[in-house]
Amino acid sequence: MWQYIIKRILGLIPLLLVISFVIFMFIHLIPGDPARLMAGKDATLEEVEEVRQSLGLHEPFVKQYISYMGNLLQGDLGYSIKSGAPVVDLILDRVMPTLGLTFLSIIWALVIGILIGVLSAVFRDKWPDRLGMLTAVSGISLPNFWLGLVLIQLFSVQLGLFPTGGDDAGWKSYILPSFALGAGIMAMIARFTRSSLVNTLKQEFIRTGRAKGLSGTSIVFGHALKNSLIPVVTVAGLQFGFLLGGSVVVETVFSFPGLGRLLIDSIQFRDYPVIQAEILFFSLQFILVNLLVDILYSYLNPKIRYD
Amino acid sequence: MMSKLQIETSTMEIPKVKSENRFLNFWRQFRKKKPALFSLYFVFLLLLTMVIGPHIVPYDPAEPNYNRLLEFPTLDHLFGTDEYGRDILSRIIVGARITLSVSVSAVLLGTVVGTVLGLVSGFFGKWVDKAIMRICDVLFAFPDLILAIGIVAILGPGVRNVIIAVAFFNIPSFARIVRGATLEVKEMLFVESARSVGASTTRIVWKHIFPETIPVIIVYFTMNVGTAILSAASLSFLGLGADPSSSDWGAMLSMSRDYIGSSFHLVFFPGLVIFLTVLAFNLLGDGLRDVLDPKTND
Amino acid sequence: MGSLLQVNNLKTGFHTEDGMQTVITGIDFEVNHGEIVGLVGESGSGKSVTSLSIMQLLHDTPGEIIDGEIIYKGEDLLKLSEKKMRQYRGNELSMIFQEPMTSLNPVMKIGKQIIETISLHLNMSGQKAKQHAVSMLESVGIPRAKDIMNEYPHQLSGGMRQRVMIAMQISCNPSLLIADEPTTALDVTIQAQILDLLKDIQEKTNMGILMITHDLGVVAEICDRVIVMYAGRIVEQATVKEIFNNPKHPYTKGLIDSIPKIGAGLDELYSIPGAVPSPKNMPKGCKFAPRCEHVMDICNLEEPALAMENGRSSRCWLTQEQSQQEGVVGHGQ
Ligand SMILES: Nc1ncnc2c1ncn2[C@@H]1O[C@H](COP(=O)(O)OP(=O)(O)O)[C@@H](O)[C@H]1O
Ligand code: SF4
Ligand SMILES: [Mg+2]
């Protein structure tokens with residue numbers, strides 16, 4: 001098991017190198033003169049030159065890459081053009097709200113998604129299945145920004161139950177955004193749980209369970225569910241990328257002070273060092289989650305765990 | 001020489017004869033999937049709207065009317081009017097053209113590039129395959145929308161750049177799917193026999209392998225259009241996509257956010273139309289998959 | 001020896017796109033206490049459907065029992081509630097399956113799978129149930145039984161898995177064990193061991209066994225009596241001795257000729273030409289007629305009835321020509 005984990009981590013190194021290079025290239029791919037673009041339209045020549053110096057853009061390409069990687073390994077992501085603050089600080093400020101939001105979303109997406117999936121599989125082709133799968137395909141089709149706005153209208157404006165945005169109201173500020181963010185994944189988990197469970201229920205060990213005298217409920221929850229959830233774990237991990245992208249949109253809708261909001265603000269201000277660092281951060285998070293999911297998958301699956 | 005010729009022609013015929021029967025067969029099964037069938041009608045209706053939309057609108061979608069600002073839906077204005085007194089229904093009808101053409105062309109671009117990569121990767125194998133699959137891994141390492149936002153951040157906002165950005169994250173998934181299908185077809189005998197009579201590589205790929213992967217491509221194309229509409233609308237909503245003053249559905253939502261609370265219909269109708277359109281593409285994709293790609297079916 | 005299980009006029013069908021398709025067309029047979037009865041026939045004859053009908057395990061299939069009685073110890077199982085039936089399964093009647101690879105839950109420890117059965121039916125507490133499970137594993141000849149309790153199915157060989165399966169299904173001391181092709185997926189040497197084990201268990205516990213197989217060789221090895229099935233019908237029924245000495249039905253003869261002979265090469269292996277007809281394309285008269293060497297005109301017109309004679313029965317015009325002319329036997333369905 002440990003060997004497997006270490007092998008997986010080492011296997012990621014080339015990918016991480018390539019990705020950091022792609023993200024390093026980010027500023028260089030901007031058409032025209034990036035220093036001029038970042039300094040703004042009305043900047044004087046000196047101001048443009050100042051930006052160029054501060055970003056090291058006047059250095060030879062290779063040297064820039066080496067110092068970029070050196071800084072990166074020391075946790076130095078450069079300075080914001082807009083505020084001059086270290087990018088690391090900006091990001092660290094915003095990490096917790098976003099993590100809380102995504103975590104909450106994934107929790108209830110798993111709980112409700114698995115519940116719907118199980119009901120649909122157990123009552124296959126009957127009305128709970130049709131209702132469950134209609135809910136699921138709708139969830140996948142819902143634009144999360146619209147869902148967010150509808151939730152605000154309904155629960156904040158009309159019913160006054162939750163704040164319309166921000167994160168000053170404690171747990172209450174998290175309910176609506178996490179709902180808007182999790183709906184899509186919830187739907188995908190529901191669909192996948194259903195098809196996985198339907199497949200498991202066709203397998204022969206299910207018949208063995210029945211021949212032992214187990215009830216339908218014991219079979220589904222005692223035997224089938226664990227087998228079906230192993231692949232669901234993988235899907236949930238893959239969809240995590242969807243959640244990261246969604247958090248940008250949902251945080252914008254709810255004026256939620258997280259990483260996503262920071263990304264959009266930075267794009268508006270052409271604050272490229274921040275954009276660059278954020279994209280790196282999002283991809284690292286995505287890769288990390290997929291690594292964890294892989295490990296969890298092999299842990300849950302005795303065939304892999306014991307080989 | 002004689003026998004070579006016969007093999008050559010017979011291997012050419014196989015996919016053609018099959019495809020005619022296939023279509024009838026397909027339609028017979030597809031017709032039974034009611035949600036998918038209705039979605040197909042809905043998609044046709046949308047395509048029709050794209051073509052004739054500007055000619056059937058009840059009001060000029062760009063014409064402000066300062067006497068009727070922010071009116072709730074009435075018989076005159078079924079979806080109400082916006083902050084300039086423009087008819088929301090008319091704007092949505094006209095906006096279909098922008099919204100759909102952006103998403104469809106983005107997926108189309110992604111499909112073409114992805115399919116070519118997948119065919120090449122699956123057919124040649126070895127290092128070509130490895131290289132292409134590594135590139136896909138790198139693309140996969142970026143969450144979809146984040147990748148798109150990054151690309152727009154580099155290229156600048158606007159419809160053309162949204163198309164490029166959305167196309168980008170369609171590439172790796174198509175490359176993988178088509179590669180898988182190609183490997184399967186390659187195993188089948190008729191490619192072997194075509195090869196043994198010395199047909200050229202491009203010819204084999206184009207005449208024998210590509211046609212076999214078409215059903216899978218159609219399925220994923222349809223499903224990805226749904227996702228692409230959502231992504232493009234998200235970008236527009238974030239102010240990174242279509243011109244905010246245009247009647248692109250995402251842009252309409254973006255502009256009317258501030259009126260939530262007092263004039264909710266400004267937000268409600270464009271979003272509802274996006275939802276229904278994406279739903280139609282997803283249901284259509286599900287139905288197509290059930291019929292065309294039964295392997296992945298449960 | 002009294003009657004343990006009595007199947008009367010069992011009819012089972014499947015819901016298909018073209019409506020209900022009858023697959024088992026009204027069969028009768030019995031299994032006595034302490035008896036091993038072979039149910040033989042080629043693949044597709046309806047053996048598994050018969051056994052699943054007895055256990056009422058058609059839940060997860062489009063299958064349904066249409067008619068008949070399944071009398072177990074004097075009680076009609078088909079009249080029991082599902083809840084009552086659950087108390088019988090794994091306890092009074094048990095079943096083991098063909099595929100030892102896939103018939104055990106891959107993500108549950110072997111010990112837990114056995115203990116589950118025990119605590120379901122026997123009034124045993126945790127530690128006692130565990131001890132019982134270990135002793136069951138030992139009784140089916142599994143070495144290191146205690147360690148195996150904590151292992152997963154994929155860590156065992158096919159033969160070991162089948163032993164685990166047997167241990168699990170006899171752990172509550174059932175009176176009837178249905179074994180559906182329990183050795184088909186195993187190597188020849190392992191096959192013989194498993195058959196010996198079953199014979200052994202039967203002698204110790206006096207349980208009745210319904211042994212389902214497509215291989216008359218297996219029947220010769222352990223059975224007392226044989227039922228030959230073809231196309232959802234019983235075509236011959238007799239003791240093992242009678243069947244091998246004097247098979248009446250041409251199909252039985254074909255099956256006997258198909259038994260692999262020791263020392264013979266693969267190319268000498270005989271098999272009956274043709275295949276079992278599907279429920280959709282059943283011949284009108286005798287269902288075996290299209291494949292029969294002895295087919296006569298009447299065979300294609302009318303199906304022979306299952307005629308009893310000296311305690312054995314056969315469904316063939318050859319053996320009942322005279323009696324038919326004398327009008328003793330009724331016509332087939
Ligand atoms: N799940 C099912 N759905 C429809 N028909 C079935 C199903 N299972 C079995 N059958 C039909 O029942 C017949 C007997 O099958 P089975 O009992 O499995 O044969 P055997 O066990 O003798 O090989 C077959 O002709 C098959 O067509
Ligand atoms: S009835 Fe006729 S066809 Fe059928 S087994 Fe007997 S001889 Fe053969
Ligand atoms: Mg069988």
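Labels below follow one simple rule: chain letters A, B, ... track the order of the sequence lines, proteins then strands, and each chain is numbered from 1.
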message: With side chain to side chain contact (heavy atoms under 4.5 Å, CB included) as the criterion, how do A:I264 and B:L240 come out once you've worked through the C-alpha distance, each side chain's angles and the decisive distance to 0.1 Å?
response: CA-CA 9 Å; A:I264 296 306; B:L240 302 174; 4.3 Å; yes
task: Examine whether an atom of A:V253 lies under 4.5 Å from a heavy atom of chain B, and if so say whether it belongs to the side chain, the backbone or both; otherwise answer neither.
output: both
message: Is it the case that atom CZ in A:F179 sees more than 12 heavy atoms from other parts of the structure closer than 6.0 Å?
response: no
message: Nearest 0.5 Å, please: how far is CD1 in B:I146 from OG in A:S247?
response: 6.0 Å
- line: Under 4.5 Å to a heavy atom of chain B? For A:L149 that would be both
- prompt: Heavy atoms, side chains only, cut-off 4.5 Å: are A:M133 and B:D286 in contact?
  reply: no
field: chain B contact via A:L142 - side chain, backbone, both or neither, heavy atoms under 4.5 Å
entry: both
- line: The reported gap from CZ in B:F140 to CD1 in A:I287 (rounded to nearest 0.5 angstrom) is 13.0 Å
message: Please determine whether the number of non-hydrogen atoms from other residues, nucleotides or ligands lying under 6.0 Å from atom CZ of A:R8 exceeds 12.
response: yes
- prompt: By a 4.5 Å heavy-atom criterion (distance strictly below it), what part of A:Q268 contacts chain B: side chain, backbone, both, or neither?
  reply: side chain
query: Based on non-hydrogen pairs under 4.5 Å, which of A:G241, A:S141, A:P14 is most in contact with chain B?
result: A:S141
message: Tell me whether A:F24 at atom CZ has more than 12 heavy atoms from other residues, nucleotides or ligands lying less than 6.0 Å away.
response: yes
statement: Given B:L235, B:L238, B:L145, the one with more heavy-atom pairs under 4.5 angstrom with chain A than any other is B:L238
Contact class of A:L284 relative to chain B, heavy atoms under 4.5 angstrom: neither
task: May I ask you to name which of B:T227, B:I149, B:L155 has the most heavy-atom pairs under 4.5 Å with chain A?
output: B:I149
- prompt: At a heavy-atom separation under 4.5 Å, does A:L134 approach chain B through its side chain, its backbone, both, or neither?
  reply: neither
- request: Please look at A:F240 and chain B and tell me whether the side chain, the backbone, both or neither of the residue comes under 4.5 angstrom of a heavy atom of that chain.
  value: neither
query: Does a sphere of radius 6.0 Å around CZ in A:F269 hold more than 12 heavy atoms from other residues, nucleotides or ligands, not counting ones at 6.0 Å or beyond?
result: no
statement: Note: B:L253 and A:F145 closest approach over all heavy atoms is CD1-CE1, 3.2 Å
query: What closest approach, in Å, do B:A141 and A:S283 show between heavy atoms, and which atom pair accounts for it?
result: O-CB, 3.5 Å
Under 4.5 Å from any heavy atom of chain B - which part of A:L244: both
Anything under 3.5 Å between a donor and an acceptor, one on a side chain of residues 268-278 of chain B, the other on a protein residue two or more places apart or in another chain? List them.
from   : atom 1 : to     : atom 2 : distance (Å)
B:T277 : OG1    : B:V273 : O      : 2.7

message: Heavy-atom cut-off 4.5 Å, strictly under: side chain, backbone, both or neither for B:F142 against chain A?
response: both
query: By a 4.5 Å heavy-atom criterion (distance strictly below it), what part of A:I140 contacts chain B: side chain, backbone, both, or neither?
result: both
message: Just so I understand: if I count every heavy-atom pair under 4.5 Å between each of B:L283, B:V152, B:I154, B:L230 and chain A, which residue has the most?
response: B:I154
message: Enumerate the side chain to side chain donor-acceptor pair (under 3.5 Å) contacts for residues 136-154 of chain B, please, sequence neighbours excluded, ordered by first and then second residue.
response: B:R134-B:D137, B:D137-B:R176
message: Heavy-atom cut-off 4.5 Å, strictly under: side chain, backbone, both or neither for A:V137 against chain B?
response: both
- request: Could you tell me which non-hydrogen atom of A:Y272 sits nearest to which non-hydrogen atom of B:A153, and how far apart they are?
  value: OH-O, 3.0 Å
A:F286 portion near chain B, given a 4.5 angstrom heavy-atom threshold: side chain
Chain B contacts, top residue of A:V157, A:T164, A:V249 (heavy-atom pairs, under 4.5 Å): A:V249
query: B:A233, B:G226, B:G156: which one forms the most heavy-atom pairs within less than 4.5 Å of chain A?
result: B:A233
